[in-house]
2 protein chains.
Amino acid sequence: MSSMADGTTAEDLRARLHEQGLRLTPQRRLVLDAVTRLRHATPEAVSAEVRRTDPGLNASTVYRTLELLERLGLVRHTHLGSGPATYHAGDDAGHLHLVCEGCGRVEEADVALAADLVGRLHAVSGFEPDVGHMAISGRCRECAGQPR
Amino acid sequence: MSSMADGTTAEDLRARLHEQGLRLTPQRRLVLDAVTRLRHATPEAVSAEVRRTDPGLNASTVYRTLELLERLGLVRHTHLGSGPATYHAGDDAGHLHLVCEGCGRVEEADVALAADLVGRLHAVSGFEPDVGHMAISGRCRECAGQPR
DNA sequence: CTTACTGCAAATATTTTGCATTTGG
DNA sequence: CCAAATGCAAAATATTTGCAGTAAG
């Protein structure tokens, strides 16, 4: 019940680590699992999730592991507004993040919606947006009318 | 040399404050001046700037003042990547922020470039983006090719 | 065995808060 | 005068780091 297609991801993980003389530890497996399962999880949330399995797993290990997994290209992080960054599995990168200033919820939207913007930006200033990393704040349908 | 058209802004500030029974203090004037002069300044940068005039001005006053000015609609903040938020004068809001992951520089672009995206998002999910608050990370022309 | 990894505790960095004193109006 | 604002110091939050012990391969 802890994983679905995670067998593949775990193999990936092992392979990527060994390529660089690094080791596959239970902690690293747990962190990757948690990020995959939770979407848009803060380091704090990841810690809470992994501790359900290993209550002794330390926060600094979570931070170090997230950083490592990002270097390996297995997870990515985005800054959604004021709080801590949120992490998501790397193969889950193909969407825009819509952050509601009213209720704080995070929606996702197809990156294709930004195709026009990407093209224009590139034409105008040579800037190459990292679309999957883009956080757009605003108001969701429900919060749209309300004052604040 | 400390202000150009700031006389207007200072009047604005006084008026807005008095509307709500609040007071115009030298500290508040200095903070608004600094935000206007520096573009995209972190609270830290604002502190440094105001201390050039008033070395005793406390950091917590800067934080409190930035929050106040934002409530009054005179400044806005944006989260540009990992660091602290950056503040800019409110009437300076009409641009997108392009943050380069390579060199860290912040470019600005016309909000009109995002018109298509805004329309599509609204159509698809009812989401109303706050365009002036949008931070887009990616690679600027200079850093575009490079590995990382 | 060897060296990478973890846990822990302490150090940083950033922002917030309570309270006594000062000050704008 | 009096309520609002500041300065200061301590608290809260978020993240990083050094190091001694543990464990992957």
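Because only heavy atoms are used, hydrogens play no part in the values below, and waters and symmetry mates are left out as well, while side chains stay in. What you see is a predicted model, and the numbers here were worked out from it, not measured in a lab. Naming: A, B, ... by sequence-line order, numbering from 1 per chain.
Distances shown here put every side-chain N or O of A:R23 at or beyond 4.0 Å from the OP1 or OP2 atom of C:dT3. Contact annotation: B:R28 reaches the phosphate of D:dT6 (side-chain N/O to OP1 or OP2, under 4.0 Å). Between A:Q20 and C:dA4, a side-chain N or O to OP1/OP2 separation shorter than 4.0 Å is absent. OP1 or OP2 of D:dG7 sits under 4.0 Å from a side-chain N or O of B:Q27. Between C:dT6 and A:T25, a contact under 4.0 Å exists linking OP1 or OP2 to a side-chain N or O.
Put simply, the residue from B:H40, B:H77, B:H133 that forms a ring-ring contact (aromatic ring centres under 6.0 Å, His included) with B:Y87 is B:H77.
The backbone N or O of B:L17 sits nowhere less than 3.5 Å from a side-chain atom of B:R23 that would complete a donor-acceptor pair.
Separating the CG atom of A:N58 from the C1' atom of D:dA14 is a distance of 14 Å, rounded to the nearest angstrom. Across the protein-nucleic acid pair, B:L22 atom CG and C:dG25 atom P stand 11 Å apart, rounded to whole Å. If you measure from atom CG of A:L66 to atom C1' of D:dA14, you get 14 Å, rounded to the nearest angstrom. Atom CG in A:D54 sits roughly 12 Å away from atom P in D:dA23 (whole-Å rounding). D:dA4 atom P lies 13 Å from atom NE2 of B:H18, rounded to whole Å. Distance, A:L30 CG to C:dG7 P: 10 Å, rounded to whole Å. Look at CG on B:L13: it is 17 Å from P on D:dA4, rounded to the nearest Å. Distance B:R64 CZ to C:dT22 C1': 13 Å, rounded to the nearest Å.
Counting heavy atoms from C-beta outward, A:S125 and B:L98 have side chains that approach closer than 4.5 Å.
Residues B:R14 and B:E44 each lie close to DNA chain C; by heavy-atom proximity, the contact nearer the 5' end of the strand is made by B:E44. Place A:Y63 and B:T61 on DNA chain D by their nearest nucleotides, and B:T61 ends up nearer the 5' end.
Here the nucleotide nearest the side chain of A:P26, chosen from D:dA24, C:dG7, C:dT6, is D:dA24.
Nucleic acid contact for B:G56: sugar-phosphate only, since backbone atoms but no base atoms lie under 4.0 Å from a heavy atom of the residue.
Salt bridge status for B:D33 with B:R29: absent, with no side-chain N to carboxylate O gap under 4.0 Å.
Residue B:C103 comes nearest to B:C140 through the heavy atom pair SG-SG, 3.9 Å, listed as atom of the first residue, atom of the second, then distance.
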